[in-house]
Amino acid sequence: EDQVTQSPEALRLQEGESSSLNCSYTVSGLRGLFWYRQDPGKGPEFLFTLYSAGEEKEKERLKATLTKKESFLHITAPKPEDSATYLCAVLTIQGAQKLVFGQGTRLTINP
Amino acid sequence: GAVVSQHPSRVICKSGTSVKIECRSLDFQATTMFWYRQFPKKSLMLMATSNEGSKATYEQGVEKDKFLINHASLTLSTLTVTSAHPEDSSFYICSATKGLLYNEQFFGPGTRLTVL
């Protein structure tokens, strides 16, 4: 069964304190791995898609990386406005277009 | 762009009534739309996948007679919660893809349903 596990469940950082969020996956065949940001009471906002091990993508203070077993979302010098829940999801070869989501990491950046 | 809207954003209804939620892709044609349900502090749970002009495919455990999905056009899908009960109270989110060659799903802002 395809499985996605995110850690930690919650993370509190001081403004400017860099860190990484982890997304581990066990799937039969990966078509793509996606990172989304979700603010309270809102729908997920698309951040990145990664397709193959070794791939990296960056957007402002965020950088996503991918290996054969996991993905990391690195956040550099975060600001309070980066506070949100970050969701990881995978698209599998067998799953047609269905995304399998992890449980998310709630990130809080204190000023 | 890839903007998806939902209407209404919030709805409160009495137990036993039906509620319709609309999901629209505003600047692209969505061959496939998805409906998710999200409980507080939990991740998204896929309820069903709908393709324009055909019947929706429901996930295991989702009652298709209770959650009616219609994908009448390439820009509109609707979810109707029939005979709603308090346990149906939740955050409902739709998403859409641009087509089979596109993997990214773009999400709507969600609809908060409260059943009294």
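Letters A, B, ... are given to chains in the order of the sequence lines, protein chains preceding strands, and every chain is numbered from 1.
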Identify whether [X] and [Y] are in the same connected component of the hydrophobic contact network (ILVMFWY, side-chain heavy atoms under 4.5 Å).
X: B:Ile21; Y: B:Leu68; answer: no
X: A:Leu50; Y: A:Val90; answer: yes
X: B:Leu46; Y: B:Ile93; answer: yes
X: A:Leu21; Y: A:Leu87; answer: no

Please flag which part of B:Gln6 lies under 4.5 Å from any non-hydrogen atom of chain A: side chain, backbone, both or neither. neither

Side chain, backbone, both or neither: which part of B:Leu44 has an atom under 4.5 Å from a heavy atom of chain A?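 Both parts, backbone and side chain.
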
To the nearest 0.5 angstrom, please state how far the CZ atom of B:Phe107 sits from the OH atom of A:Tyr36.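 Interatomic distance, B:Phe107 CZ to A:Tyr36 OH, rounded to 0.5 Å: 4.5 Å.
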
Side-chain heavy atoms of [X] within contact of [Y], under 4.5 Å:
X: B:Gln38; Y: A:Gln38; value: yes
X: A:Phe101; Y: B:Tyr36; value: yes
X: B:Thr57; Y: A:Lys98; value: no

Heavy atoms only, distances under 4.5 angstrom: which of A:Arg106, A:Glu9, A:Lys42 has the most pairs with chain B? Name it, please.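 Max contact count across the listed options: A:Lys42.
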
Of all of A:Pro44, A:Gly43, A:Pro40, A:Gly41, which one pairs up most often with chain B through heavy atoms under 4.5 Å apart?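 Max contact count across the listed options: A:Pro44.
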
For the side chain of B:Ser43 and the backbone of A:Gly104, is there at least one donor-acceptor N/O pair under 3.5 Å apart? no

Is it the side chain or the backbone of A:Glu45 that comes within 4.5 Å of chain B heavy atoms, both, or neither? neither

For [X], does the [atom1] atom have more than 12 heavy-atom neighbours from other residues, nucleotides or ligands under 6.0 Å away?
X: A:Arg61; atom1: CZ; answer: yes
X: A:Glu15; atom1: CD; answer: yes
X: B:His85; atom1: NE2; answer: yes
X: B:Lys66; atom1: NZ; answer: yes

In terms of heavy-atom pairs under 4.5 Å, which option from B:Lys42, B:Arg112, B:Gln105, B:Arg10 contacts chain A the most? B:Gln105

